[in-house]
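Contents: one structure, followed by commentary.
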Amino acid sequence: MKRKKVYNLFQINLIVFFTLCFMLVPILLVVAYIFDLHIHTSVNNIVLIADIITIIIFIAGMLYILLTRDQYERKLKPSYQKEFLALIIISAFGIFGIAILFIYLGGLLFYVPHVIIPLFLFTYLILFIVGQKYFNMNLLRK
């Protein structure tokens, strides 16, 4: 019987943090779209501000993760349900943000489902694989 490897909290935090940093610009675009900021300023300014916020959060987050590395490398859990839920929420808002970016870049509203559905399926496949391997979570069982 092959045993699954249990990853420490530092490695799990790295996965969640890098996913957050990758999806932070689309998530901030969702927030900007909710508050209708594209009416008051240009889309270029919204994306530029989102990029600046992402860079600041990336630098601060990397410093925090590297400073607390020793503490989190000693913590192990059999499964990481809360962290995996955070990863799912980050991915969902990121997909919506990519669809909003598609609208901001001049795409028609008619084609938004053509963007969201394949991204959702691809993201669910990636989450399924990552969840089984690193988080010890199975998306098929209850």
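Everything numeric here is computed off the predicted structure, so don't read it as measured data.
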Problem - Contacts of Lys77 that satisfy salt bridge (Lys or Arg N to Asp or Glu O under 4.0 Å) - sequence neighbours left out - result: Glu83
Practice task
For the residue pair Leu48 and Asn44, establish whether any side-chain heavy-atom pair is separated by less than 4.5 Å.
Solution key: no
Handout entry: Flag side-chain contact, heavy atom, 4.5 Å: Leu109 against Val112
Key = yes
Per-pair distances, 0.1 Å, donor-acceptor, side chain in residues 116-127, under 3.5 Å, sequence neighbours excluded:
unit_1, atom_1, unit_2, atom_2, d
Thr123, OG1, Leu119, O, 2.7

Practice task
Please work out which of the three classes, parallel, tilted or perpendicular, describes the rings of Phe110 and His114, given edges at 30° and 60°.
Solution key: tilted
Quick one: pull up [atom1] in [X] and [atom2] in [Y] and give me the separation to the nearest 0.5 Å.
X      : Y      : atom1 : atom2 : result
Lys133 : Ile15  : NZ    : CD1   : 9.5 Å
Ile98  : Leu105 : CD1   : CG    : 11.5 Å
Asn13  : Asn8   : CG    : CG    : 9.0 Å

Side chain to side chain contact (heavy atoms under 4.5 Å, CB included) involving [X] - partner list, sequence neighbours excluded:
X     : answer
Ala50 : Val25, Leu28
Leu85 : Ile89
Ile65 : Phe10, Leu14, Phe17
Ile56 : Ile52

Fill in the blank from the handout: Across all chains, not counting sequence neighbours, the ring-ring contact (aromatic ring centres under 6.0 Å, His included) partners of Phe18 are none
Problem - Listed partners of Phe135 passing ring-ring contact (aromatic ring centres under 6.0 Å, His included), at least two apart - result: Phe84
Problem - Hydrophobic cluster identity match, Leu108 and Val43, side-chain contacts under 4.5 Å - result: yes
Handout entry: Cluster check Ile59, Leu67: I/L/V/M/F/W/Y, side chain < 4.5 angstrom
Key = no
Fill in the blank from the handout: Taking every heavy atom of Gly94 against every heavy atom of Pro26, the minimum-distance pair comes out as O-CB, 3.4 Å
Handout entry: Residues that Tyr64 engages under side chain to side chain donor-acceptor pair (under 3.5 Å), provided they are two or more places apart
Key = Tyr72
Exercise for the section: Mind checking side chain to side chain donor-acceptor pair (under 3.5 Å) for Gln11 and listing every partner two or more places apart, or none if nothing turns up? Expected result: none
Handout entry: Sequence neighbours excluded, every pair satisfying salt bridge (Lys or Arg N to Asp or Glu O under 4.0 Å) that has a member inside residues 48-72
Key = Arg69-Glu73
Report all side-chain donor-acceptor pairs from residues 29-41 shorter than 3.5 Å, counting only partners two or more places apart or in another chain.
unit_1, atom_1, unit_2, atom_2, d
His38, ND1, Tyr104, OH, 3.4
Thr41, OG1, Asn45, ND2, 3.1

